[in-house]
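Following: one structure in structure tokens, then a few remarks.
Quick note: residue numbers are just sequence positions, from 1.
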Amino acid sequence: MSFTGQLTDTTRTAPSVPSRWRLALILGAITAVGPLSIDMYLPAFPDISVEFDSTAAQVQLTLTACLIGLAFGQLLAGPLSDALGRRRPLLVGVAVYLIASLLCAFAPSTTVLVVLRFVQGMAGAAGLVIARAIIRDLYTGVAAAKFFSMLMLVTGAAPILAPMIGSQLLSFTSWRGVFIILAVYGVVMGIAALVSLPDTLPREQRRRGGVKDTLGSFGRLFQDRSFVGYALAGGLSFATIFAYVSASPFVLQVVYEVSPQVYGLLFALNSVGILIFGQINGWLVGRVAPRTLLNIGMASSVTASLALLFLVSTGLFGLPGVMVALFVGVSSLGLVMPNATTLALAEYPNAAGAASALLGTLQFLLGALAAPLVSLGGENTALPMAVVMAAVSLGALVIYRTMTRPIPAEEQELAAVINEETGAEAAATSVR
């Protein structure tokens with residue numbers, strides 16, 4: 001099939017839309033709610049465990065709950081925004097996020113915090129999926145790709161700065177103060193959306209198929225072996241990051257005895273690695289086939305994860321060796337996620353919304369499953385983290401090799417454009 005016309009540099013009109021840079025700043029800040037919610041409180045994991053007299057596994061469930069909320073929230077917010085327009089679901093999502101964040105700050109127990117984090121994730125997911133939809137409403141083809149590249153400058157900073165901000169906040173407040181800051185952030189985002197963002201989806205373009213239409217789209221996607229292969233391979237690769245995110249506060253601060261401030265810097269270093277690899281991927285778009293880049297990214301991920309398992313098991317090179325392996329393993333996601341997403345979406349130009357929502361849901365669900373596994377061996381060893389990262393990266397490679405197929409040559413040009421669009425987006429969100 002031909003995709004002529006999909007690649008034109010087109011900007012769609014909408015009433016009272018802010019300038020490109022202002023729009024990128026607002027949408028980037030809204031999208032950043034996800035990584036900020038996940039990463040900012042990570043340095044406080046040991047403190048939360050002590051205050052509630054909880055195990056590492058119980059504290060890590062607060063992260064798992066947020067990931068599950070982010071997963072299912074996308075399935076809810078995406079179709080709602082197609083039916084009701086972008087503005088109302090986004091404002092409701094921001095309002096619920098604000099309230100949930102404030103309630104998290106006063107949680108009396110780990111159990112209550114887990115529940116509130118799920119609600120916070122559900123609400124935060126609205127920003128993730130609706131910001132993407134707004135961009136697709138306003139821009140197509142190369143214009144959209146350029147806008148996503150601009151958005152990367154805003155959203156890419158969130159996963160880098162979040163743990164650093166959180167670790168600095170802990171020097172003069174408790175983990176509860178982190179959630180108060182997130183609530184304040186929600187207020188700012190709500191005001192910005194209310195004042196500056198019009199509804200970019202005209203009434204005549206809103207979908208009226210309801211739940212049945214949405215489920216039908218998901219069913220067709222699940223019947224495509226190649227799509228499922230790319231989705232699972234990308235999702236399992238994504239899970240390596242959440243194994244690292246969930247375990248690293250205890251591994252680095254308890255096992256290797258670094259301070260919360262140093263932990264924030266080390267976490268930021270790996271976040272920068274994803275940005276670098278993502279930018280390299282963007283530069284190679286159109287020069288190297290997506291499957292080739294995906295092969296390189298997955299090979300790097302598996303090699304780094306196995307090296308990490310060896311280093312942790314033997315104790316060779318101590319913390320420096322562990323950090324090098326983690327840097328390569330985490331950074332490789334900057335190659336894996338954009339290309340896995342590119343290849344999964346390449347054959348669905350007319351169902352990109354449903355396919356994108358399903359990809360995002362699988363990623364966060366698999367991440368939510370991997371996160372608690374790293375605590376099975378306790379909080380005083382790095383071995384569970386290394387085992388889980390090695391297992392899921394190997395699983396991703398096996399599924400990719402056995403279930404996917406190269407996309408037809410006539411779709412390569414479209415894949416390159418999708419890669420430009422999703423590369424910035426996936427690289428920014430992957431580190432969450």
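- For residues 111-126, the set of pairs meeting the side-chain hydrogen bond (donor to acceptor under 3.5 Å, both in side chains) definition, not counting sequence neighbours, comprises Y41-R117, S101-Q120, R117-Q120.
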For the pair Y400 and S237, evaluate side-chain hydrogen bond (donor to acceptor under 3.5 Å, both in side chains) and give the outcome as yes or no after the intermediate values. CA-CA 11 Å; Y400 164 64; S237 296; over 6 Å; no
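- When atom types are taken as modelled, the side chain of S332 and the backbone of G329 share a donor-acceptor pair closer than 3.5 angstrom.
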Between T200 and R87, does a side-chain hydrogen bond (donor to acceptor under 3.5 Å, both in side chains) hold up when you go through it step by step? CA-CA 8 Å; T200 57; R87 185 176 168 87; over 6 Å; no
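- The shortest distance between side-chain heavy atoms of V59 and F52 does not fall below 4.5 Å.
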Could you give me the CA-CA distance, side-chain angles and deciding distance for L373 and L369, then say whether side chain to side chain contact (heavy atoms under 4.5 Å, CB included) is met? CA-CA 7 Å; L373 294 178; L369 291 174; 5.8 Å; no
Given the rule in the side chain to side chain contact (heavy atoms under 4.5 Å, CB included) test, do L197 and I30 qualify, once you have shown the distances and angles that lead to the verdict? CA-CA 11 Å; L197 286 182; I30 291 172; 3.9 Å; yes
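- In this structure a side-chain-to-backbone donor-acceptor pair under 3.5 Å is present from S393 to A390.
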Verdict with supporting geometry, Q223 and V228, side chain to side chain contact (heavy atoms under 4.5 Å, CB included): CA-CA 8 Å; Q223 293 172 12; V228 173; over 6 Å; no
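- A donor-acceptor distance shorter than 3.5 angstrom exists from the side chain of S171 to the backbone of Q168, with no hydrogens or angles considered.
- I26 has its side chain out of reach of M189: every pair of non-hydrogen atoms, C-beta onward, lies at least 4.5 Å apart.
- Although no hydrogens or angles enter the test, the distance criterion places a donor-acceptor pair under 3.5 Å between the side chain of S37 and the main chain of V33.
- Using a 4.5 Å heavy-atom threshold, the side chains of L182 and Y97 count as touching.
- Put simply, the side chain of D199 gets close to the backbone of R86: a donor and an acceptor are under 3.5 Å apart.
- A heavy-atom distance below 4.5 Å is not found between the side chains of I181 and Y185.
- The CG atom of L394 sits 11.0 Å away from the OG1 atom of T240 when rounded to the nearest 0.5 Å.
- Between the side chain of S81 and the main chain of I130, no donor-acceptor pair closer than 3.5 Å is present.
- Shown here for R176 and E51, the closest heavy-atom pair between the two residues is NH2-OE2, 2.7 Å.
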Verdict with reasoning, Y230 to N339, per side chain to side chain contact (heavy atoms under 4.5 Å, CB included): CA-CA 9 Å; Y230 284 123; N339 292 292; over 6 Å; no
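- L335 and G297 make their closest contact through CB-CA, 3.9 Å (heavy atoms, listed as atom of the first residue, atom of the second, distance).
- For the 3.5 Å distance criterion, the side chains of T404 and R291 qualify, holding a donor opposite an acceptor.
- Counting heavy atoms from C-beta on, the side chains of M385 and L308 come closer than 4.5 Å.
- The shortest non-hydrogen separation linking T173 to G177 is OG1-CA, 3.7 Å.
- In this structure, S167 and P260 approach most closely via the heavy-atom pair CB-O, 3.0 Å.
- Rounded to the nearest 0.5 Å, atoms CZ (F277) and CE (M337) are 15.5 Å apart.
- Counting heavy atoms from C-beta on, the side chains of L42 and Y263 come closer than 4.5 Å.
- Contact of the Y244 side chain with the F267 side chain is registered, since non-hydrogen atoms from C-beta on lie closer than 4.5 Å.
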Checking F238 against F364 for the ring-ring contact (aromatic ring centres under 6.0 Å, His included) test, could you report, in this order, the C-alpha distance in whole Å, the side-chain angles of both residues, the deciding distance, and whether it holds? CA-CA 8 Å; F238 204 57; F364 281 106; 5.5 Å; yes
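- Rounded to the nearest 0.5 Å, atoms OG1 (T292) and CG (L284) are 10.5 Å apart.
- In terms of modelled atom types and a separation under 3.5 Å, the side chain of Q253 and the main chain of F250 share no donor-acceptor contact.
- To the nearest 0.5 angstrom, T55 atom OG1 is 8.0 Å from L61 atom CG.
- The two atoms that bring V330 and I274 nearest to each other are O-CG1, 3.3 Å, heavy atoms only.
- L113 is listed as a side-chain neighbour of W175, based on a closest heavy-atom distance under 4.5 Å.
- Under the 3.5 Å distance criterion, the side-chain polar atoms of T31 are left unmatched by any main-chain donor or acceptor of L128.
- Formation of a donor-acceptor pair under 3.5 Å by the Q74 side chain with backbone atoms of A125 is not found in this model.
- Atoms CG and CG, from L252 and L265 in turn, are 11.5 Å apart once rounded to the nearest 0.5 Å.
- Between atom OG of residue S331 and atom CG of residue L269 there is a gap of 7.5 Å, rounded to the nearest 0.5 Å.
- The heavy-atom pair separating A231 from L359 by the smallest distance is CB-CD2, 3.5 Å.
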